[in-house]
Amino acid sequence: MLTGSLLNSELATELRLAFDDDRDAETFLLRLDRHGPELVHHLGAVYGPLAPALLDGLIESLLHATHARLPDLRRLDETRLLRPDHWQRPDQLGYAAPAHRLGGILADVRGHAAYLHQLGVTYLHLHGVLGHEGGQAGDHRAVHPALGTLDDLSALARDLRAQGISLGVDVTLDRIPAAHTWAAQAAQGNARRQAMLTGDAAGDGTQALNWGTAAVFRETLDALLDLANRGVEVLNLRGWQHLLTPRPDDRPALLHALRSALLVVAPALSIRLDAPDPGYAALGTRDHSGLLSDLLDFPVLTGPVWAALHGHDTSALAAALNAVPPRPARLTWLPRLRDQDGRTAADLTGLHAAATRGDDQDTDRALRRLNLLHALILGFGGVPLLSMGDEMALTEAHMDWTQAEAARDDILTPSGRAYAWTQRMVQARAATPHLHAGAGTRAAPSPDARVLLLRRDTPHGPMLGVYNFSPDRIPLNPATLREHLGDRAEDRLNGGTLGFTRPLNLDPYAALWLTQP
């Protein structure tokens, strides 16, 4: 058994016998020695006297999953360990889509990996992959029948990985569908399954899991390890704040323990958490700080940013940004503009309506608004998360691949113009070391409420993002810019060098990424 902070010699000897290769055994033992103490501590806090037996079973699960991990995934593990700032590099770009709207079935999504790679995407998150017929979430071992099979998921992950793209999926932790095998077995009188569930099925067709039962932890971990070994690189763990546990404090402990166990087998696997609650509990406190996940949704931009755009006033947005608690160094934000189930960016910026009317001037203004918002999330830090089709101002709920292919080559259409600008911004971001996510972003005082100023203090010097949220041409006081950057600055987004001896005239909906030359 694991004791204290180190493996005892008896267990280490026993575990070595489970490996044919001494190097594999040493790797496993080193990881267990690193993450085992956290696993022991947090499971002990939740399950008390039940923890030793649970831990014995977990070691068996970890051994089995380690042996099942494919060579290319083991290589990926070592690569990520050598680059602990993988997600914080400025060449990272996320792309989110409902799986059925992006390609219909998983096999079709595989055929579009090259498009995503050309755009610069390094992380594709597909919503709605796991679940039973009807879209009920919670079955971690089944792909929705309309999308394909688990083997299709493995093949998709492999093809994306070959293009340098990490695959992410959603996993619901707090409940399972009423049609789940566990629920059926419980209904037939299986005492183990009955203990894992809590009462009757809810009105939404799901049934809550009883995380006070150690078997729920063990079987959930087994399912997550299977997804990791199929090549899924990001697990978005949903519902963790609603886990039914004996005490509320058990929830972060369980999440921390899950992540610790997963890292023993799959260091390349990253945990993502949904948008934080108002208290930002997902950041973690005390010994959980920054250790509950690797990626964290940054929801501040999905609300105030639209209010700022339509009201031409960034005051509330700036205040909301500065009210966010400090980000633990180990965490990386996922800034995004909208929820995937909401209206498209083309709708929200007025582009769809303008194009329908055939109004060229309004279409141009709407494109400028869309470009401004993409510049904002791409220049914010973290891993910007584009929503499906926004890169080409798509107005449909499903991805139009014919339009996507045309947009790459025709810059005379609104879609082509939007795509060209997005790709240009992605390339500018990748070439701007100031956007490494190790630095934080804060709103700086602005002399004009229509203009948002975002400052980043980095090892490469300060960076100032300047964003005009209005249809007006605004002269910006040069003293404001000199305060941050000195007499001159390089515009990393648009190119060229600017001097600050006279007012800087900002075009309507202009965006600048300014750094010292």
**Q** Just wondering, are more than 12 heavy atoms of other shown residues or ligands nearer than 6.0 Å to CZ in Arg424?
**A**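 Yes, enclosed.
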**Q** Show which side-chain atoms of residues 281-291 pair as donor or acceptor with protein atoms under 3.5 Å away, not counting sequence neighbours.
**A**
unit_1 : atom_1 : unit_2 : atom_2 : d
His288 : ND1    : His256 : ND1    : 2.9

**Q** Looking at every non-hydrogen atom in both residues, tell me the closest pair between Ala345 and Leu370 and how far apart they are.
**A**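 Minimum heavy-atom separation between Ala345 and Leu370: CB-CD1, 3.6 Å.
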**Q** Checking Thr314 side chain against Ala308 main chain: does a donor-acceptor pair fall under 3.5 Å?
**A**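 It does not hold such a pair.
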**Q** Go through the steps to decide whether Val143 and Asp151 satisfy the test side chain to side chain contact (heavy atoms under 4.5 Å, CB included), and finish with yes or no.
**A** CA-CA 9 Å; Val143 167; Asp151 287 340; over 6 Å; no
**Q** Less than 4.5 Å apart, any side-chain heavy atom of Trp211 and any of Val46?
**A**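 No - every pair of side-chain heavy atoms lies 4.5 Å or more apart.
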**Q** Determine yes or no for a side-chain-to-main-chain donor-acceptor pair under 3.5 angstrom, with Tyr123 supplying the side chain and Ala96 the backbone.
**A**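 No.
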**Q** Atom CG in Asp77, atom CZ in Arg75: separation rounded to 0.5 Å?
**A**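 The distance works out to 11.5 Å.
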**Q** Report yes or no: does Arg327 contribute a side-chain atom to a donor-acceptor pair with the main-chain N or O of Gly438 at less than 3.5 Å?
**A**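 Checking the backbone N and O of Gly438 against the side chain of Arg327, a donor-acceptor pair under 3.5 Å is found.
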**Q** With side chain to side chain contact (heavy atoms under 4.5 Å, CB included) as the test, would you mind laying out the steps for Thr458 and Thr515 before giving the verdict?
**A** CA-CA 10 Å; Thr458 82; Thr515 64; over 6 Å; no
**Q** Check the angle between the aromatic planes of His125 and His127 and answer parallel, tilted or perpendicular using the 30° and 60° thresholds.
**A**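 Because their plane-to-plane angle lies in the 30° to 60° range, the rings of His125 and His127 count as tilted.
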**Q** For atom NE2 of His310, is the number of surrounding heavy atoms from other residues, nucleotides or ligands below 6.0 Å larger than 12?
**A**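 More than 12 heavy atoms, drawn from other residues, nucleotides or ligands, come within 6.0 Å of this atom.
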**Q** Which heavy atom in Gly103 sits nearest to a heavy atom in Asp108, and how many Å separate them?
**A**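 Smallest interatomic distance, heavy atoms only, reads O-CB, 2.9 Å.
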**Q** List the atom of Arg158, the atom of Arg110, and the distance in Å for their closest heavy-atom pair.
**A**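 Residues Arg158 and Arg110, closest heavy atoms: NH2-NH2, 4.4 Å.
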**Q** Under the 3.5 angstrom rule, does the side chain of Gln423 hit a backbone N or O of Gln118 as a donor-acceptor pair?
**A**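 Pair found, side chain donor or acceptor close to backbone of Gln118.
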**Q** Roughly how far, to the nearest 0.5 Å, is CG of Leu58 from OG of Ser260?
**A**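 Between atom OG of Ser260 and atom CG of Leu58 there are 11.5 Å.
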**Q** As a test of understanding, state which of Tyr419, Trp421, Tyr115 forms a side-chain hydrogen bond (donor to acceptor under 3.5 Å, both in side chains) with Glu391.
**A**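 That would be Tyr115.
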**Q** Would you mind reporting whether Arg456 and Thr441 have side-chain heavy atoms less than 4.5 Å apart?
**A**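 Answer yes - side chains close enough.
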**Q** Look at the rings of His434 and His460 and say which category their plane angle falls in: under 30° parallel, 30 to 60° tilted, over 60° perpendicular.
**A**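 Judged by the thresholds at 30° and 60°, the geometry between His434 and His460 is tilted.
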**Q** I'd like to know if Arg218 and Asp222 make a salt bridge, using a cut-off of under 4.0 Å between side-chain N and carboxylate O.
**A**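 Here Arg218 pairs with Asp222 in a salt bridge, since their nearest N and O are under 4.0 Å apart.
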**Q** Could you check Trp87 against Val234 for side chain to side chain contact (heavy atoms under 4.5 Å, CB included), going step by step and ending with a plain yes or no?
**A** CA-CA 11 Å; Trp87 289 117; Val234 179; 3.7 Å; yes
**Q** Ring centres of Trp401 and His112 under 6.0 Å apart?
**A**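 Here the rings of His112 and Trp401 have centres that are less than 6.0 Å from each other.
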**Q** Between Gln92 (side chain) and Thr122 (backbone), is there a donor-acceptor pair under 3.5 Å?
**A**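 Here the side-chain-to-backbone pair does not exist.
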**Q** Within a reach of under 6.0 Å around CZ of Arg330, are more than 12 heavy atoms found that belong to other residues, nucleotides or ligands?
**A**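 It does not: Arg330 CZ has 12 such atoms or fewer within range.
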**Q** What's the verdict on side chain to side chain contact (heavy atoms under 4.5 Å, CB included) for Leu153 and Leu227, showing C-alpha distance, side-chain angles and the deciding distance?
**A** CA-CA 9 Å; Leu153 182 66; Leu227 290 172; 4.0 Å; yes
**Q** Give the minimum heavy-atom separation between Arg161 and Leu76, together with the two atoms involved.
**A**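 Arg161 and Leu76 have their closest heavy atoms at CD-CD2, 4.0 Å.
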**Q** Does some side-chain heavy atom of Leu309 sit less than 4.5 Å from a side-chain heavy atom of Tyr467?
**A**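 A side-chain contact is absent here, since even the closest heavy-atom pair is not under 4.5 Å.
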**Q** Do the side chain of Asn236 and the main chain of Gly168 share a donor and acceptor less than 3.5 angstrom apart?
**A**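 No: the side chain of Asn236 does not pair with the backbone of Gly168.
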**Q** Would you say Asp174 and Leu244 make side-chain contact, with heavy atoms under 4.5 Å?
**A**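 Side chain of Asp174 against side chain of Leu244, heavy atoms only: no contact under 4.5 Å found.
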**Q** Can you tell me how far apart CZ (Phe380) and CH2 (Trp333) are? Round to the nearest 0.5 Å.
**A**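 Interatomic distance, Phe380 CZ to Trp333 CH2, rounded to 0.5 Å: 8.0 Å.
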**Q** Are Ser387 and Arg336 close enough that a side-chain donor and a side-chain acceptor fall under 3.5 Å?
**A**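 Absent: no donor and acceptor within the cut-off.
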**Q** Please check this pair: side chain of Arg193 against backbone of Trp182, looking for a donor-acceptor N/O pair closer than 3.5 Å.
**A**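 Checked: no pair found.
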**Q** I want to check something: taking the side chain as every heavy atom from C-beta on, are Leu452 and Leu317 in contact at a cut-off of under 4.5 Å?
**A**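 Yes, at least one pair of side-chain atoms sits under 4.5 Å.
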**Q** Using modelled atom types and a 3.5 Å cut-off, is there a donor and acceptor pairing between side-chain atoms of Arg74 and backbone atoms of Thr66?
**A**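 Yes; judged by distance alone, with no hydrogens or angles, the pair exists.
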**Q** So, are Arg247 and Asp249 salt-bridged, with charged N and O less than 4.0 Å apart?
**A**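 So Arg247 does not pair with Asp249 through a salt bridge.
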**Q** Does some side-chain heavy atom of Leu235 sit less than 4.5 Å from a side-chain heavy atom of Val169?
**A**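 They are in side-chain contact.
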**Q** What's the separation between atom CG in Leu124 and atom CG in Leu386, rounded to the nearest 0.5 Å?
**A**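 Between Leu124 CG and Leu386 CG, I get 11.5 Å after rounding to 0.5 Å.
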**Q** Out of His41, His42, Arg34, which residue meets the side-chain hydrogen bond (donor to acceptor under 3.5 Å, both in side chains) rule with Glu38?
**A**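 That would be Arg34; it is the only one of His41, His42, Arg34 passing the side-chain hydrogen bond (donor to acceptor under 3.5 Å, both in side chains) with Glu38.
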**Q** So, Thr213 side chain and Ala195 main chain: donor-acceptor pair closer than 3.5 Å or not?
**A**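 Flag set: sc Thr213 to bb Ala195 pair under 3.5 Å.
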**Q** Hey, mind stepping through Asp226 and Arg230 against salt bridge (Lys or Arg N to Asp or Glu O under 4.0 Å) and telling me if it holds?
**A** CA-CA 6 Å; Asp226 180 65; Arg230 290 183 177 277; 3.2 Å; yes
**Q** Is the number of heavy atoms from other residues, nucleotides or ligands under 6.0 Å of Glu396 CD greater than 12?
**A**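 No, the 6.0 Å shell around CD holds no more than 12 heavy atoms from other groups.
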**Q** Could you report the tightest heavy-atom contact between Pro335 and Val383, atom names first, then the distance?
**A**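 Heavy atoms of Pro335 and Val383 come nearest at CD-O, 3.4 Å.
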**Q** Working to the nearest 0.5 angstrom, can you tell me the gap between Glu219 CD and Leu209 CG?
**A**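 Answer for the CD-CG pair, Glu219 versus Leu209, is 10.0 Å.
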**Q** Could you tell me whether a side-chain N or O of Asn322 sits under 3.5 Å from a main-chain N or O of Arg442, the two making a donor and an acceptor?
**A**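 Not confirmed, Asn322 side chain does not pair with Arg442 backbone.
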**Q** Can you find a heavy atom in the side chain of Leu378 that is under 4.5 Å from one in the side chain of Leu93?
**A**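 With C-beta onward as the side chain, the pair touches.
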**Q** Give me the atom names and distance for the closest heavy-atom approach of Gly382 to Thr332.
**A**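 Where Gly382 meets Thr332 most closely, the heavy atoms are CA-CG2, 3.7 Å.
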**Q** With sequence neighbours excluded, tell me which residues meet salt bridge (charged side-chain N to carboxylate O under 4.0 Å, His left out) with Asp400.
**A**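 Result, salt bridge (charged side-chain N to carboxylate O under 4.0 Å, His left out) vs Asp400: none returned.
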**Q** Can you confirm whether the side chains of Thr172 and Arg238 place a donor and an acceptor under 3.5 Å from each other?
**A**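 No, no side-chain donor-acceptor contact under 3.5 Å.
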**Q** How long is the span from the CG atom in Leu237 to the CG atom in Asp170, to the nearest 0.5 Å?
**A**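 Answer for the CG-CG pair, Leu237 versus Asp170, is 9.5 Å.
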**Q** Can you tell if the side chain of Tyr47 reaches within under 4.5 Å of the side chain of Leu55, non-hydrogen atoms only?
**A**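 Tyr47 does not reach Leu55 side chain to side chain.
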**Q** Under a 4.0 Å threshold between the charged nitrogen and the carboxylate oxygen, would Arg259 count as salt-bridged to Asp294?
**A**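 Answer for the salt bridge query: yes.
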